[in-house]
A.B. asks: 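Dropping the structure in here first, questions after.
Numbers restart at 1 for each chain; the letters A, B, ... are given by sequence-line order, proteins then strands. Reckoned from all heavy atoms, side chains included, excluding hydrogens, waters and symmetry mates.
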Amino acid sequence: MPAKKNATARPFYGMPVLDIVDDTVYNIFNIRCTILCYEDGIFAMEFHLTIAALSGETRALELEKSRLYDVIILGGGPAALTAAVYCMRKGVSTGLITMDFGGQVAETSSVENYMGYKYIEGIDLVDKFREQVRQFPIGISEGRKIAAISDGAIKHTTLDDGSVYQSRTLIIATGKSWRRLNVPGEREFTGRGVAYCATCDAPLFSGKRVIVVGGGNSGIEAAIDLARVAEQVTVMQFLSQLTADTILVEKLRQYPNVDFLYEHEITEIKGAQAVESVTVKNRQSEETRDIPASGIFIEIGLLPNSDFSRGVLEHNENNEIIVDCACHTSCPGIFAAGDVTSVPYKQIIIAAGEGAKAALSACDYIAKIHD
Amino acid sequence: MPLFNDEIKKQLSAIVSQLENGVTIVFFTQEIECPACSDTHSFVQEIAGLSDRLTLRIYDLVKDSETAARYGIDKVPAIALLDNADNDYGIRFYGMPGGYEINSFLGALLEISGKKQPLAAPVAGRIAAIKKDIHMQVFVSLSCPYCPGAVSTAHRLALENSHIRADMVESTTFPHLMVKYNVSSVPKTIINETHELIGAQPIEKFLDILEKI
């Protein structure tokens, strides 16, 4: 839903005012007036309805361990789901293994550059993708993480519960996920002060001191969401300047309760039951000190979900799977597509196109085996 | 002044028209010291007005304390959902299910009415095998797009197994519970006061914990 102009909001049950962002299109969530707001002087409740698609018929099946599939697709985002549709239409036996559907698109509030839709909510686009896949009798395994893959005439995919699936080809489209700091305390305090979704968790930090790690677009967007509710927001940046778009930085600078720490990094997150302070290091002077904070929002970009293919496939220095222009990896019969690969520009429409290409390459490969 | 404008009302009507059977909305309120009660009251009234298949019953936590005790309601505003034979599956909403949470509320209405997506056979088997009493509290915020997923999963588990109860808890409405359970990221699910699950995890991850209890 496009952000509305000129609307004002009221506080809701002690929650500070959520004002409405302007027409700037943000990639990840905006805080919009999601609860109750005045619109032209009238109370209006804003809902994010995403539930209408229940009626779609599904022919999807369970993935079978005993079966040798022509193609198994790993992932559930636009690359994987497009590959699934192409494979099913080509008539090769296909399985799909994913933790969940949608990948990063499911976390994106608005999509305005996927052709055919001037505007669509990320979650709605995912529903449409999923429905298009589930009209086919494709084998699906949902909810398990991929632990390992193996090379050979028959590829084996092992999941974190030990189950193994077999296929003649693999299409890896596992995308990227939020990068962690990897400092002591981060994992322990996740959900106890360490947070990765500012839109979700900002209301919980009303009147508190928080730190946002990362000076890119997602970091600055998070800081804006938090500055509305928190007592004090500190933006911590590894580099000597912010890398976010100017328009976002200017917006953030309007809030008086925001300060910036450049060339600093977090070395430890500390507390008893929940986060109480963080240790920060000045990257120039190497000096360290503790800053009190009850929330740490980590917005330092994305990492490819490619660990399970290390040692089997060639990766580049960013740990992305190296592919050629037909989505071949370094290993015959294994193809890759979307954000997990070395292809430049991570976009939904590019991932979808790459997924189609990987599927066609995989189908070619299978046709040659069967010849 | 109605909460729903015509546009939203139209969308909501289209969704509740998919209800297969009747659902009863049992709403608990309180006259004083409940700032969220009056808006939630309007919310359930307007929702119930959208379909003949929806029945609304309203109780007061203090005046109707026996009824509240029967439904295990200890805070307001609270909503319990029952099927057309008044069966209580332990599905609760504490605080107003507005914002993104409207999706989990509508989803629960549809599922209790009988409009359910089938579960995969291994998952259904694992749910049926749970014999211990389970109480899940899913803490949410209304601006959290992932939260309805966690709430719906917990509610589906409650719907499928009579040993399981599941609450949505709107965090900022119940700040004392936020403190008690250390809620600083949502969704966060507290299970039987002893286990917790962070994030909108798939049903298998919920089951991994339920099976340990």
A.B. asks: For B/Glu196, is it the side chain, the backbone, both, or neither that has a heavy atom closer than 4.5 Å to a heavy atom of chain A?
C.D. replies: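 Only the side chain of B/Glu196 comes within 4.5 Å of chain A.
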A.B. asks: Where does A/Gln273 contact chain B at under 4.5 Å (heavy atoms): side chain, backbone, both or neither?
C.D. replies: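 Both parts, heavy atoms under 4.5 Å.
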A.B. asks: Are there over 12 heavy-atom neighbours, none belonging to A/Glu231, within less than 6.0 Å of that residue's CD?
C.D. replies: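 More than 12 within 6.0 Å, yes.
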A.B. asks: How about A/Arg187: does its CZ atom have over 12 heavy atoms from other parts shown lying under 6.0 Å from it?
C.D. replies: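 No, not enclosed.
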A.B. asks: Would the distance check show the side chain of B/Ser143 and the main-chain N or O of A/Thr199 forming a donor-acceptor pair, the cut-off being under 3.5 Å?
C.D. replies: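 Yes: the side chain of B/Ser143 pairs with the backbone of A/Thr199.
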A.B. asks: Considering only heavy atoms, give the residues of residues 179-188 of chain B separated from chain A by less than 4.5 Å, sorted numerically, with 'none' for an empty result.
C.D. replies: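 Result: B/Asn182, B/Val183, B/Ser184, B/Ser185, B/Val186, B/Lys188.
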A.B. asks: Return the option, out of B/Pro118, B/Ala200, B/Pro122, with the maximum number of heavy-atom pairs under 4.5 Å with chain A.
C.D. replies: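 Highest number of pairs under 4.5 Å: B/Pro122.
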A.B. asks: Which distance, rounded to the nearest 0.5 Å, do you find between the OH of B/Tyr146 and the SG of A/Cys197?
C.D. replies: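 The distance works out to 4.5 Å.
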A.B. asks: For B/Ala14, is it the side chain, the backbone, both or neither that has a heavy atom under 4.5 Å from a heavy atom of chain A?
C.D. replies: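 Neither part.
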A.B. asks: With chain A, which of B/Val140, B/Ile198, B/Val123, B/Ile203 has the greatest number of heavy-atom pairs at distances under 4.5 Å?
C.D. replies: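 Ranked by heavy-atom pairs under 4.5 Å with chain A, first place is B/Ile198.
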A.B. asks: Do side-chain atoms of B/Ser141 reach the backbone of A/Asp201 as a donor and acceptor pair under 3.5 angstrom?
C.D. replies: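 Side chain of B/Ser141 to backbone of A/Asp201, a donor-acceptor pair under 3.5 Å: no, none is there.
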A.B. asks: Might you point out which heavy atoms bring A/Glu62 and B/Ala120 nearest each other, and give the distance in Å?
C.D. replies: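 It is OE2-CB, 3.8 Å.
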A.B. asks: Heavy-atom count check: over 12 atoms from other residues, nucleotides or ligands less than 6.0 Å from B/Lys9 NZ?
C.D. replies: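 12 or below, so no.
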A.B. asks: Do any of residues 137-147 of chain A come closer than 4.5 Å to chain B, heavy atom to heavy atom, and if so which ones, in number order?
C.D. replies: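 The residues closer than 4.5 Å to chain B, in numerical order, are A/Glu142, A/Gly143, A/Arg144.
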A.B. asks: Below 4.5 Å from any heavy atom of chain B, which atoms of A/Phe205 appear? Answer side chain, backbone, both or neither.
C.D. replies: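 For A/Phe205, the side chain is the part near chain B, not the backbone.
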A.B. asks: Does a salt bridge link A/Asp100 with B/Lys205, judged by any charged N lying under 4.0 Å from a carboxylate O?
C.D. replies: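 Between B/Lys205 and A/Asp100 there is no salt bridge, as every charged N stays at least 4.0 Å from the carboxylate O atoms.
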